[in-house]
Amino acid sequence: MAHRLDSRISDSLWQALQTEVERTGHSLSHVVQHALSESLGIEHHSLFQVSTTGAVVKGIFQGCTTVGDLKEHGDFGLGTYEDLDGELVMLDGHCYQAISDGVIVEARDSWRVPFATVTRFSADQSVSVSAIDEIDTLYRQLDDLRPSENIFVGLRIDGLFDQIDMRAACKAAPGEDLVAATSHQSEYSLKNIRGTIVGFWTPSFAKALNVAGYHIHFISADRKFGGHVLGVKAAQLDVAMHLETDFHIGIPETQAFLEADLQEDPSAALDVAEKGFVRDR
């Protein structure tokens, strides 16, 4: 959630801000926010991630942190819960769980998490996109807005969705890897529903750490329904982008993670589990 700040400053500070805007090409809001976060010791434009998608692909679903710990690092993000028990959506500092039928419940701070990516979201760019007839149309328009192929991007997309297709992972059986666990996931669609997409775009060079490309979850405005997004249709949506230029990762100390072979490229398995297809290579 963004707030408007009205404050008097000296001429010298004003000139310094203008100089920094010209030097960086960033907006005045961006420059002020960056300076304040540096001064106050608050991580800004930073991603915090728990574990890796490579570990999740291997079936390492044991919780290694808590929802309460995640909130210390961000107010916006996504992930899953222990044993792959539903989809995690964090929005405006609240953390939610979408279970097998898409019903949302608010998570307790004590709940354990095996994988998540969070940030302190503040828009660097806000625009509207229109005529979204499928999810690839949305992605192409987002591609046109992203300034680089080499930085992470946080995405908040608000609006009225004509249709949104989703899934929620069901609790994994012992010994299942990600592909096996998501083969019996719950899939469902909602129509004419207002809500928010929470997501990230990850550069291809980080494919061993996170889902390369777009990874998005949804939560309805009334906080009753949500899930991992598979398809989107909408006449118009409001997009806010947060550029992430700093990356922190918490490595699990569980025995399963420490003993896992994580050398394989997880991309093919992630395409099947997260997007329902195998990417052409």
Side-chain angles (χ1 to χ4, degrees), residues 43 46-121 154 166-186 198-200 202 208-211 215-219 223-229 247-262 266 269-270 273-274:
E43 293 178 352
S46 295
L47 282 177
F48 177 76
Q49 182 171 302
V50 177
S51 192
T52 71
T53 48
V56 174
V57 162
K58 291 290 186 177
I60 301 174
F61 306 139
Q62 298 89 349
C64 56
T65 192
T66 66
V67 167
D69 289 336
L70 284 182
K71 291 178 180 178
E72 295 295 318
H73 296 278
D75 55 17
F76 175 97
L78 49 70
T80 189
Y81 292 92
E82 189 161 54
D83 297 328
L84 211 67
D85 189 13
E87 308 294 333
L88 184 155
V89 188
M90 182 185 284
L91 183 62
D92 296 332
H94 293 267
C95 207
Y96 304 92
Q97 178 197 36
I99 53 180
S100 59
D101 54 1
V103 171
I104 288 284
V105 295
E106 186 158 3
R108 296 179 181 176
D109 284 352
S110 60
W111 289 9
R112 299 189 64 78
V113 174
F115 174 82
T117 307
V118 300
T119 189
R120 299 188 187 280
F121 191 91
M166 292 176 285
R167 61 95 159 150
C170 301
K171 193 170 184 177
E176 283 189 316
D177 62 16
L178 182 65
V179 172
T182 55
S183 67
H184 51 79
Q185 66 191 5
S186 171
V198 169
F200 296 97
T202 297
L209 300 176
N210 207 321
V211 179
H215 184 187
I216 58 177
H217 289 185
F218 173 82
I219 185 167
R223 305 297 189 257
K224 291 183 177 180
F225 298 99
H228 174 98
V229 179
F247 186 91
H248 302 266
I249 186 167
I251 301 296
E253 297 180 20
T254 62
Q255 200 65 28
F257 184 92
L258 296 175
E259 295 177 355
D261 180 0
L262 304 179
L270 286 170
E274 298 290 328

Of all heavy-atom pairs between [X] and [Y], which one has the smallest distance, and what is that distance?
{"X": "V50", "Y": "F115", "result": "O-CD1, 3.2 Å"}
{"X": "E87", "Y": "Y81", "result": "O-CE1, 3.7 Å"}
{"X": "A168", "Y": "A98", "result": "CB-O, 3.8 Å"}
{"X": "A107", "Y": "V67", "result": "CB-CG2, 4.1 Å"}

Side-chain contact, heavy-atom cut-off 4.5 Å: [X] with [Y]?
{"X": "L78", "Y": "F76", "answer": "no"}
{"X": "L91", "Y": "I219", "answer": "yes"}
{"X": "L84", "Y": "L178", "answer": "yes"}
{"X": "S51", "Y": "P114", "answer": "no"}
{"X": "I251", "Y": "F257", "answer": "yes"}
{"X": "Q97", "Y": "I104", "answer": "no"}
{"X": "C64", "Y": "V113", "answer": "no"}
{"X": "R120", "Y": "S46", "answer": "no"}

- prompt: Are a donor atom and an acceptor atom from the side chains of D85 and T80 found within less than 3.5 Å of each other?
  reply: no
field: Worked verdict on F218 versus V229 for side-chain contact (heavy atoms from CB on, under 4.5 Å)
entry: CA-CA 6 Å; F218 173 82; V229 179; 3.6 Å; yes
- prompt: Are any side-chain N or O atoms of H217 and backbone N or O atoms of L88, one a donor and one an acceptor, separated by less than 3.5 Å?
  reply: yes
query: Judged by atom type as modelled, is there a donor-acceptor pair below 3.5 Å linking the side chain of T52 to the main-chain atoms of A55?
result: yes
- prompt: Is the number of heavy atoms from other residues, nucleotides or ligands under 6.0 Å of E106 CD greater than 12?
  reply: yes
message: Set out, in order, the CA-CA distance, both residues' side-chain angles and the distance that settles side-chain hydrogen bond (donor to acceptor under 3.5 Å, both in side chains) for Q49 and H248, then state yes or no.
response: CA-CA 6 Å; Q49 182 171 302; H248 302 266; over 6 Å; no
query: Please walk me through it: do S110 and T66 pass side-chain contact (heavy atoms from CB on, under 4.5 Å)?
result: CA-CA 6 Å; S110 60; T66 66; 5.9 Å; no
message: Could you check whether D177 pairs with K58 (Lys NZ or Arg NE/NH1/NH2 to Asp/Glu carboxylate O, under 4.0 Å)?
response: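 Salt bridge flag = no for K58 with D177.
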Under-4.0 Å salt bridge between E82 and K171: no
field: Qualifying residue, where the test is side-chain contact (heavy atoms from CB on, under 4.5 Å) with F200 and the options are V211, I216, L47, V118
entry: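 Among the candidates, only L47 passes.
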task: Assess whether side-chain contact (heavy atoms from CB on, under 4.5 Å) is satisfied between D75 and F121, documenting all intermediate values.
output: CA-CA 7 Å; D75 55 17; F121 191 91; 4.1 Å; yes
message: Would T117 and N210 count as a side-chain hydrogen bond (donor to acceptor under 3.5 Å, both in side chains) here? Give the steps.
response: CA-CA 9 Å; T117 307; N210 207 321; 3.0 Å; yes
- request: Could you walk me through whether R167 and H228 pass side-chain contact (heavy atoms from CB on, under 4.5 Å), step by step?
  value: CA-CA 5 Å; R167 61 95 159 150; H228 174 98; 3.7 Å; yes
message: Measuring from atom CD of Q62 to atom CD of Q255, what distance do you get when rounded to the nearest 0.5 angstrom?
response: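 Taking CD in Q62 and CD in Q255, the distance rounds to 10.5 Å.
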